[in-house]
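Excluded from the calculations below are hydrogen atoms, water molecules and symmetry mates; all remaining heavy atoms, backbone and side chain alike, are included.
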Amino acid sequence: MKKALILLLLSLNSYSSVTHEQFLQLEEALFLTFEDLKPFEQDILTINTTANGLPDNYWWNLDMVHASYTRIDNQHNIFLFGGFARLEKMTLDGLAVTACHEIGHGIGGAPYKSTGSSMEGQADYFATKVCLPNVFKHLPQTSEIRVTEFSHKYCEQSEDQTYCLRALNALESDIHFYETLGDIVHFHTPSEEVATQLNDHPTFYPSSQCRLDTSLAGVLKEPRPICWYPL
């Protein structure tokens with residue numbers, strides 16, 4: 001019997017956008033994860049915080065497809081707009097990847113942008129290597145795991161195949177998001193780009209394929225890919 005069957009070969013996921021109730025479950029998991037990972041005791045995390053009399057669900061009600069990170073002293077603020085969560089093929093685990101990416105800008109470590117936050121590539125790497133495994137400890141699985149020929153073979157290399165398979169399913173939401181940007185990317189077609197130096201410009205993003213490659217490397221705790229991180 002193939003090992004894939006031991007890992008449970010399940011039917012295709014049925015993708016749907018994230019509900020507000022699910023979003024609140026993710027928030028709780030993110031707060032717990034941040035407490036586990038924060039580098040300093042005085043660090044705090046806020047999610048979609050509002051001010052100036054705005055309603056608590058202000059950011060959730062916005063249809064803009066956007067997520068971001070800001071920091072004021074030891075207060076780390078992430079924003080996950082409702083339009084991003086409501087993308088047609090977004091899943092709760094997929095949204096967790098994005099949330100971990102935003103948190104990674106604050107606590108993901110070097111290399112850093114010239115502004116002092118972790119680079120986009122580093123935030124992607126931190127998200128799947130460090131943050132997402134922790135989030136999954138606090139976030140119940142809400143959809144079936146789809147095991148493909150690629151994910152079965154890829155996750156055979158992992159020390160935690162259950163996490164690996166769930167993470168790759170989550171990254172499918174990233175693939176669909178990149179499609180909305182006009183970029184077609186795949187797990188099995190790694191970028192051929194070779195970076196000769198780190199680009200620390202505040203607005204620099206690696207290519208979508210390079211970002212997906214970085215997320216995959218984080219899942220297996222492999223070295224960061226040379227498409228953005230030079231040897």
(request) Output the distance between atom CD (E41) and atom NZ (K38), rounded to the nearest 0.5 Å. (result) 4.5 Å

(message) N77: which residues meet the side chain to side chain contact (heavy atoms under 4.5 Å, CB included) condition with it, sequence neighbours left out?
(response) T46, T49, T70, I72, Q75, F79

(request) Hey, could you give me the CD/CG distance between E35 and D43, rounded to the nearest 0.5 Å? (result) 9.5 Å

(message) Just to verify, what does S208 make a side chain to side chain donor-acceptor pair (under 3.5 Å) with, not counting sequence neighbours?
(response) D183

(request) Could you tell me the separation between the CD atom of E27 and the CG atom of L45, rounded to the nearest 0.5 Å? (result) 9.0 Å

(message) Within this structure, what is the CG-OG1 distance for the pair D93 and T98, rounded to the nearest 0.5 Å?
(response) 11.5 Å

(message) Set out, in order, the CA-CA distance, both residues' side-chain angles and the distance that settles side chain to side chain contact (heavy atoms under 4.5 Å, CB included) for H186 and I175, then state yes or no.
(response) CA-CA 7 Å; H186 302 283; I175 291 176; 6.0 Å; no

(request) Could you tell me the separation between the NZ atom of K129 and the OH atom of Y125, rounded to the nearest 0.5 Å? (result) 3.5 Å

(message) Test: salt bridge (Lys or Arg N to Asp or Glu O under 4.0 Å). Region: residues 63-83. Which pairs qualify, not counting sequence neighbours?
(response) D63-R86

(message) Can you confirm whether I184 sits close enough to Y178 that some side-chain heavy atom of one is under 4.5 Å from a side-chain heavy atom of the other?
(response) no

(message) Side chains of D36 and H138, heavy atoms from C-beta outward: is any pair under 4.5 Å?
(response) yes

(request) Search all heavy atoms of V18 against all heavy atoms of L92 and return the closest pair with its distance. (result) CG2-N, 3.6 Å

(request) May I ask you to decide if Y163's main-chain N or O and D160's side chain share a donor-acceptor pair within less than 3.5 Å? (result) yes

(request) Please state whether the rings of F187 and F150 are parallel, tilted or perpendicular, taking 30° and 60° as the class boundaries. (result) parallel

Can you give the donor-acceptor pairs under 3.5 Å from side chains of residues 108-115 to other protein atoms, not counting sequence neighbours?
{"residue": "K113", "atom": "NZ", "partner": "E120", "partner atom": "OE2", "Å": "2.7"}
{"residue": "K113", "atom": "NZ", "partner": "P202", "partner atom": "O", "Å": "3.2"}
{"residue": "S114", "atom": "OG", "partner": "D200", "partner atom": "O", "Å": "3.4"}

(message) Taking side chain to side chain donor-acceptor pair (under 3.5 Å) as the definition, give me every residue that meets it alongside Y69, ordered by chain and number, with sequence neighbours left out.
(response) H76

(message) If you define the side chain from C-beta out and look only at heavy atoms, does anything of I47 sit under 4.5 Å from F31?
(response) yes

(request) Could you tell me whether the side chain of T50 reaches within less than 4.5 Å of the side chain of W59, counting heavy atoms only? (result) yes

(request) Among Ile, Leu, Val, Met, Phe, Trp and Tyr joined by side-chain contacts under 4.5 Å, find the other residues sharing a cluster with V194 and list them by chain and number. (result) I226, L231

(request) For E193 and S207, run side chain to side chain donor-acceptor pair (under 3.5 Å): C-alpha distance rounded to whole Å, both residues' side-chain angles, the deciding distance at 0.1 Å, then the answer. (result) CA-CA 9 Å; E193 301 165 86; S207 69; 2.6 Å; yes

(request) Please tell me if the side chains of F126 and L37 come closer than 4.5 Å, counting only heavy atoms from C-beta onward. (result) yes

(message) If you define the side chain from C-beta out and look only at heavy atoms, does anything of K153 sit under 4.5 Å from E149?
(response) no

(request) Determine which pairs satisfy disulfide bond (SG atoms under 2.5 Å apart) with at least one residue from residues 87-144, sequence neighbours left out, and list them in order. (result) C100-C131

(message) For a quick check under 3.5 Å, do T91 and S173 share a side-chain donor-acceptor pair by atom type?
(response) yes

(message) We want to know whether E21 and T19 form a side-chain donor-acceptor pair, criterion being a heavy-atom distance below 3.5 angstrom.
(response) no

(request) Would you check if T180 and K89 make a side-chain contact, meaning some heavy-atom pair closer than 4.5 Å? (result) no

(message) Can you see whether S17 engages E88 through a side-chain donor-acceptor pair at a distance of less than 3.5 angstrom?
(response) no

(request) Starting at CG of L80, measure out to CG of L26 and round the result to the nearest 0.5 Å. (result) 7.0 Å

(message) Can you give me the closest heavy-atom contact between L216 and Y154, atom names plus distance?
(response) O-OH, 2.7 Å

(message) For Q42, give me all partners under side chain to side chain contact (heavy atoms under 4.5 Å, CB included), at least two apart in sequence or on another chain.
(response) F40, N74

(request) Sort and list the pairs that fulfil salt bridge (Lys or Arg N to Asp or Glu O under 4.0 Å) and have at least one residue in residues 203-228, not counting sequence neighbours. (result) D124-R211

(message) Does anything in residues 179-223 form a disulfide bond (SG atoms under 2.5 Å apart)? List the pairs, not counting sequence neighbours.
(response) C210-C227

(message) For a side chain to side chain contact (heavy atoms under 4.5 Å, CB included) check, start with the C-alpha distance between L139 and R166, then their side-chain angles and the critical distance, and finish with the verdict.
(response) CA-CA 12 Å; L139 186 68; R166 186 175 173 184; 4.2 Å; yes

(message) Test your reading of the model: is there a side-chain donor-acceptor pair from Q209 to the backbone of T189, 3.5 Å cut-off?
(response) yes

(message) Please give the remaining members of the hydrophobic cluster of L198, linking ILVMFWY side chains under 4.5 Å, ordered by chain and number.
(response) M119, W228, Y229

(message) Less than 4.5 Å apart, side chain to side chain, heavy atoms only: is that true for P230 and T196?
(response) no

(request) Return each pair, listed once, that meets disulfide bond (SG atoms under 2.5 Å apart) where at least one residue sits in residues 164-202; pairs must be two or more places apart or across chains. (result) C155-C164

